[in-house]
Colleague: 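Starting off with a structure, shown below.
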Amino acid sequence: MYRLLSWSRGRGLLRAAGRRYRGYSARLLPGPAGGPGPEMEVPPPRVAPHGRRPGLLPLLAALAWFSRPSAADAEEQQGAGGAAAEDAADEAEAEIIQLLKRAKLSIMKDEPEEAELILHDALRLAYQSDNLKAITYTYDLMANLAFIRGQLENAEQLFKATMSYLLGGGMKQEDNAIIEISLKLASIYAAQNRQEFALAGYEFCISTLEEKIEREKELSEDVMSVFGGHNIFVCGAEDRTQAARMPAEEKANTHLLLGMCLDSCARYLLFSKQPSQAQRMYEKALQISEEIQGERHPQTIVLMSDLATTLDAQGHFDEAYIYMQRASDLARQINHPELHMVLSNLAAILIHRERYTQAEEIYQEALKQAEMKRDEVSVQHIREELAELSRKNQSYSWQREIMYWKTLIMF
């Protein structure tokens with residue numbers, strides 16, 4: 001009866017299926033119309049697998065070393081062709097940047113097929129120029145495009161490729177970029193009903209971020225102690241420097257990313273008929289959003305509404321009503337883009353409290369808002385709820401009439 005709202009913000013999975021990203025030799029990229037495209041050779045990231053014998057890597061490194069030209073030859077070659085090679089690389093990078101800008105514009109204009117073609121061109125050029133940053137960034141855009149188009153299998157492979165290059169470039173697995181990809185992979189597994197992978201992904205994201213936040217908090221306290229002159233040896237010099245220079249915005253983004261992970265996991269838990277666990281996740285996410293973004297922020301209101309629907313699903317109608325009433329008041333004040341959905345959820349809770357007349361009034365308000373926003377899906381949903389409410393109203397009135405006459409007969 002109620003509907004969960006979307007919290008849009010806008011990166012893996014190392015403890016579940018994500019370890020399979022190493023060693024890609026070829027990948028089937030999505031075609032122009034969403035189908036399979038040409039098979040493209042994708043070299044693996046330049047990082048040695050962990051926990052294995054040296055294998056061919058030292059041998060190849062030695063062969064590469066002994067096949068290098070002498071210093072004099074290298075200097076002569078560099079003088080002759082170095083400038084030209086640098087100019088060519090700059091030209092290729094500028095062309096890649098233009099292609100990526102065009103792809104982004106096509107995505108914004110809701111032209112996914114055109115964006116996909118442009119991104120394929122950018123990827124080919126990035127490989128030809130051996131620009132690892134461009135390769136990684138292009139993979140990330142392709143993955144996100146496949147993700148929003150619902151091409152989940154393609155998105156999974158592309159996200160893993162993106163993560164592979166990021167980790168191969170030295171990025172730590174606790175970096176927010178890696179966590180964001182892991183969250184998207186967990187969402188893909190949830191949509192595919194791969195419960196074990198989905199829960200492992202959410203657990204990895206949440207636990208990693210919580211540990212990261214706690215560690216940053218401890219470092220910040222240590223730095224304050226250092227600066228206060230109480231104990232200059234409280235933590236290492238490198239840690240003190242890192243904590244002191246860490247921007248407040250980056251810390252806030254880490255907290256908000258944790259809120260996103262909690263929100264996404266809560267949705268899946270509620271879908272999986274685990275409302276009490278979902279409630280705890282929503283409560284934490286709401287607290288984070290209120291502390292960092294404020295009570296009137298659109299995302300805070302969405303979380304407030306979703307927490308209310310979770311409470312409603314457990315039969316805690318009065319507590320759910322308090323949260324949903326507050327969410328609807330705030331949504332009206334800021335003209336929330338999803339006001340009609342908040343109102344619709346409020347009406348659903350009122351029905352569960354058997355306040356049918358008030359529920360009908362709220363549904364009518366929600367219907368007007370949905371029609372103004374031309375949200376046809378919501379319009380249809382609200383009309384169906386109004387029709388069901390009308391039937392309940394008639395049944396409820398007849399039951400009250402029967403009770404009235406029974407009372408008269410008894411006396």
Side-chain angles (χ1 to χ4, degrees), residues 1-9 190-191 259-260 262-264 266-276 278-279 281-283 285-286 289-290 293 295-397:
M1 183 172 292
Y2 51 79
R3 300 167 65 195
L4 291 180
L5 282 67
S6 61
W7 182 8
S8 55
R9 180 187 175 271
M260 282 184 62
L262 290 165
D263 174 41
S264 184
R267 290 171 185 271
Y268 182 63
L269 289 170
L270 188 59
F271 175 79
S272 303
K273 311 299 183 184
Q274 303 178 60
S276 61
Q279 177 187 336
M281 297 284 184
Y282 273 131
E283 288 171 344
L286 177 59
S289 189
E290 285 180 331
Q293 302 183 122
E295 188 183 44
R296 292 167 57 89
H297 193 278
Q299 290 177 352
T300 303
I301 296 171
V302 165
L303 287 168
M304 203 176 294
S305 174
D306 287 349
L307 173 58
T309 58
T310 305
L311 290 165
D312 183 70
Q314 298 175 78
H316 306 321
F317 303 138
D318 292 340
E319 190 178 358
Y321 174 75
I322 293 172
Y323 277 106
M324 193 65 79
Q325 182 66 57
R326 183 57 180 161
S328 62
D329 290 343
L330 292 169
R332 288 190 184 99
Q333 291 175 21
I334 70 168
N335 193 22
H336 197 288
E338 294 181 336
L339 172 59
H340 57 293
M341 294 180 66
V342 176
L343 293 172
S344 179
N345 288 342
L346 173 61
I349 292 174
L350 287 168
I351 289 175
H352 293 161
R353 301 181 79 210
E354 297 185 351
R355 296 169 65 173
Y356 299 127
T357 302
Q358 189 177 356
E360 184 177 3
E361 294 174 358
I362 297 297
Y363 266 137
Q364 292 293 350
E365 182 184 356
L367 181 59
K368 290 180 181 178
Q369 291 289 332
E371 289 173 340
M372 287 174 55
K373 292 181 171 62
R374 298 180 179 180
D375 185 347
E376 297 300 327
V377 175
S378 291
V379 167
Q380 180 64 25
H381 170 76
I382 295 170
R383 285 176 176 167
E384 291 173 357
E385 293 299 324
L386 278 169
E388 179 65 22
L389 179 59
S390 177
R391 289 190 290 271
K392 286 184 177 181
N393 258 329
Q394 292 174 3
S395 175
Y396 181 68
S397 299

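Starting from 1, each residue takes its place in the sequence as its number.
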Colleague: Roughly how far, to the nearest 0.5 Å, is the CD atom of Glu360 from the CD1 atom of Ile351?
Modeller: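 Result: 9.5 Å between the selected atoms.
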
Colleague: Measure across Leu389 and Ala359 and return the closest heavy-atom pair with its distance rounded to 0.1 Å.
Modeller: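 The answer is CD2-C, 4.0 Å.
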
Colleague: Got Tyr282 and Leu262 here, is their nearest side-chain heavy-atom distance under 4.5 Å?
Modeller: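 Side-chain contact under 4.5 Å: no.
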
Colleague: For Phe317, enumerate each residue passing the ring pair (Phe, Tyr, Trp, His ring centres under 6.0 Å) test, keeping only those at least two apart in sequence or located in another chain.
Modeller: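 So Phe317 forms a ring pair (Phe, Tyr, Trp, His ring centres under 6.0 Å) with His352.
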
Colleague: Quick one: CD1 on Ile382 to CD on Glu385, what's the gap to the nearest 0.5 Å?
Modeller: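 Here the rounded value is 9.0 Å.
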
Colleague: Check Ala366 against Ser344 and note the closest heavy-atom contact, atom names and distance.
Modeller: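 Scanning both residues, the minimum pair turns out to be CB-N, 4.0 Å.
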
Colleague: Could you measure the distance from the OG1 atom of Thr310 to the CZ atom of Arg267? Nearest 0.5 Å is fine.
Modeller: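 Taking OG1 in Thr310 and CZ in Arg267, the distance rounds to 9.5 Å.
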
Colleague: Answer whether the closest heavy-atom distance between the side chains of Glu384 and Glu388 falls below 4.5 Å.
Modeller: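 Contact flag for Glu384/Glu388 side chains = no.
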
Colleague: To the nearest 0.5 angstrom, please state how far the CG atom of Asp312 sits from the CE atom of Met324.
Modeller: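 CE of Met324 is found 7.5 Å from CG of Asp312.
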
Colleague: Quick one: CD1 on Ile322 to CD1 on Ile349, what's the gap to the nearest 0.5 Å?
Modeller: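 The CD1 atom of Ile322 sits 10.5 Å away from the CD1 atom of Ile349.
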
Colleague: Test side-chain contact (heavy atoms from CB on, under 4.5 Å) on Met304 and Glu295; report intermediate values, then the result.
Modeller: CA-CA 9 Å; Met304 203 176 294; Glu295 188 183 44; 4.2 Å; yes

Colleague: Do Leu367 and Gln364 have side chains that approach each other closer than 4.5 Å (heavy atoms only, starting at C-beta)?
Modeller: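 Yes. Closest side-chain heavy atoms under 4.5 Å.
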
Colleague: Decide yes or no on side-chain contact (heavy atoms from CB on, under 4.5 Å) for His381 and Met341, but give the supporting numbers first.
Modeller: CA-CA 10 Å; His381 170 76; Met341 294 180 66; over 6 Å; no

Colleague: Ser289 side chain to Ala285 main-chain N or O, any donor-acceptor pair under 3.5 Å?
Modeller: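 No: the side chain of Ser289 does not pair with the backbone of Ala285.
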
Colleague: Does Arg326 come within less than 4.0 Å of Asp329, counting only side-chain N to carboxylate O?
Modeller: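 No salt bridge links Arg326 with Asp329.
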
Colleague: Taking all non-hydrogen atoms of both residues, which atom of Ala266 and which atom of Ala278 are closest, and how far apart?
Modeller: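 Closest heavy-atom pair between Ala266 and Ala278: O-CB, 3.4 Å.
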
Colleague: Rounded to the nearest 0.5 Å, what separation is found between the CD atom of Glu283 and the OH atom of Tyr323?
Modeller: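 Output value for this atom pair is 6.0 Å.
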
Colleague: With heavy-atom distances below 4.5 Å as the criterion, would you say the side chains of Leu343 and Tyr363 are in contact?
Modeller: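 Leu343 does not reach Tyr363 side chain to side chain.
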
Colleague: Is the shortest side-chain heavy-atom distance between Leu307 and Gln279 below 4.5 Å?
Modeller: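 Yes; the side chains approach each other to less than 4.5 Å.
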
Colleague: Restricting to side chain to side chain contact (heavy atoms under 4.5 Å, CB included), what partner residues turn up for Ile334, sequence neighbours left out?
Modeller: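 Checked Ile334 against side chain to side chain contact (heavy atoms under 4.5 Å, CB included); matches are Arg296, Pro298, Ile301, His336.
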
